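Some notes on the structure that comes next.
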Amino acid sequence: QVQVVESGGGLVQAGGSLRLSCAASGRTFSSGIMGWFRQAPGKEREFVTAINWSGLSTHYTDSVKGRFTISKDNAKTTVYLQMNSLEPEDTAVYYCAWRQSPYFATASTGYNYWGQGTQVTVSS
């Protein structure tokens with residue numbers, strides 16, 4: 001049984017920072033892509049960022065470049081999302097997901113396992 005669990009969401013003022021964590025467990029994870037998506041009320045789930053298994057390659061959506069940083073702790077199979085300079089438009093439920101393929105993908109359908117999501121609310 002695969003488990004993907006996010007943590008670290010909360011309420012923050014515009015301009016502030018939050019750090020999300022994502023832990024994967026339940027099987028031997030040794031490859032693939034770990035990604036973050038978000039879904040705001042009334043909107044479709046959208047790709048935010050992803051990192052490959054070695055942690056050496058990353059991909060970001062344009063709206064978060066320079067503000068968000070994804071990183072990976074290989075020893076713990078844990079992925080982090082450092083979010084700085086947060087804006088009210090970043091308010092959403094943030095989901096972590098794992099993709100078995102070693103190639104990057106931005107479509108949510110390309111990811112095999114998902115966490116339950118964590119709420120991030122940015123007040124103006």
Side-chain angles (χ1 to χ4, degrees):
Q1 185 75 12
V2 174
Q3 283 192 317
V4 178
V5 180
E6 308 96 335
S7 61
L11 173 64
V12 64
Q13 288 188 330
S17 298
L18 279 175
R19 188 194 196 205
L20 306 183
S21 299
C22 170
S25 63
R27 58 165 285 175
T28 303
F29 285 86
S30 60
S31 63
I33 302 291
M34 297 290 290
W36 286 97
F37 288 74
R38 65 187 180 185
Q39 187 166 18
K43 295 188 177 181
E44 293 187 354
R45 190 171 299 188
E46 65 171 353
F47 173 82
V48 177
T49 181
I51 190 166
N52 69 349
W53 202 251
S54 69
L56 298 179
S57 184
T58 58
H59 184 70
Y60 295 90
T61 193
D62 287 345
S63 63
V64 307
K65 285 181 180 177
R67 301 189 299 122
F68 290 11
T69 302
I70 189 171
S71 61
K72 186 173 179 290
D73 182 337
N74 290 336
K76 297 180 180 180
T77 318
T78 301
V79 174
Y80 304 98
L81 180 61
Q82 179 66 43
M83 304 185 293
N84 298 328
S85 301
L86 282 161
E87 304 167 353
E89 293 74 22
D90 295 316
T91 295
V93 177
Y94 283 70
Y95 297 90
C96 180
W98 178 62
R99 169 176 165 84
Q100 290 177 288
S101 167
Y103 303 104
F104 280 104
T106 59
S108 60
T109 52
Y111 289 75
N112 306 96
Y113 299 98
W114 291 82
Q116 80 289 350
T118 185
Q119 177 70 47
V120 171
T121 302
V122 184
S123 63
S124 56

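Just so you know, these numbers come straight off a predicted model, no measurement behind them.
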Revision key, fill the gap. Here the pair of heavy atoms bringing I70 nearest to M34 is CD1-O, 4.0 Å
Check your understanding: Where do W36 and Y60 land on the side chain to side chain contact (heavy atoms under 4.5 Å, CB included) test, with the steps shown first?
Key -> CA-CA 10 Å; W36 286 97; Y60 295 90; over 6 Å; no
Check your understanding: Closest heavy-atom contact between E6 and C96?
Key -> OE2-N, 2.8 Å
Point to revise | Nearest-0.5 Å distance, CG of residue N52 to NZ of residue K72 | key: 8.5 Å
Point to revise | H59 and F47 aromatic ring geometry - parallel, tilted or perpendicular at 30°/60° bounds | key: tilted
Practice item. Determine, using the 4.5 Å side-chain heavy-atom cutoff (strictly less than), whether V120 and Y95 are members of one ILVMFWY cluster. Key: no
Check your understanding: What's the spacing between W114 CH2 and S108 OG if we round to 0.5 Å?
Key -> 5.0 Å
Point to revise | Side-chain donor or acceptor of Y80 paired with backbone N/O of D73 under 3.5 Å | key: no
Exercise for review: Ignoring hydrogens and angles, tell me if any N or O in the side chain of T91 forms a donor-acceptor pair with the backbone of V122 under 3.5 Å.
Suggested key: yes
Exercise for review: Using the disulfide bond (SG atoms under 2.5 Å apart) rule, collect all pairs that involve residues 41-79, keeping only residues at least two apart or in two chains.
Suggested key: none
Check your understanding: With sequence neighbours left out, what residues match Y111 under ring pair (Phe, Tyr, Trp, His ring centres under 6.0 Å)?
Key -> F37
Point to revise | Minimum-distance pair of heavy atoms, taken over all atoms of I33 and A50 | key: CG2-CB, 3.7 Å
Exercise for review: Give a yes or no on whether I51 and Y113 share a hydrophobic cluster (residues Ile, Leu, Val, Met, Phe, Trp, Tyr; joining criterion: side-chain heavy atoms under 4.5 Å apart).
Suggested key: yes
Review point. How close do G110 and R99 get, heavy atom to heavy atom, and via which atoms?
Key: O-NH1, 2.9 Å
Practice item. Indicate the atoms forming the closest heavy-atom contact of P88 with A14, along with that distance. Key: CD-CB, 4.1 Å
Study note, to complete from the structure: In terms of heavy-atom contacts, Q100 and N112 come closest through N-OD1, 2.8 Å
Review point. If you measure from OG1 on T58 to CZ on F68, what distance do you get to the nearest 0.5 Å?
Key: 14.0 Å
Practice item. Could you grab the distance from atom CG of L81 to atom CZ of R38, nearest 0.5 Å is fine? Key: 9.5 Å
Review point. If you measure from CG on L18 to CD on Q82, what distance do you get to the nearest 0.5 Å?
Key: 8.5 Å
Check your understanding: To the nearest 0.5 Å, what is the distance between CE (M83) and CZ (R19)?
Key -> 11.5 Å
Point to revise | Residue pair S17 / V12, side-chain heavy-atom distance below 4.5 Å | key: no
Check your understanding: For S71, what residues pass the side chain to side chain donor-acceptor pair (under 3.5 Å) criterion, not counting sequence neighbours?
Key -> none
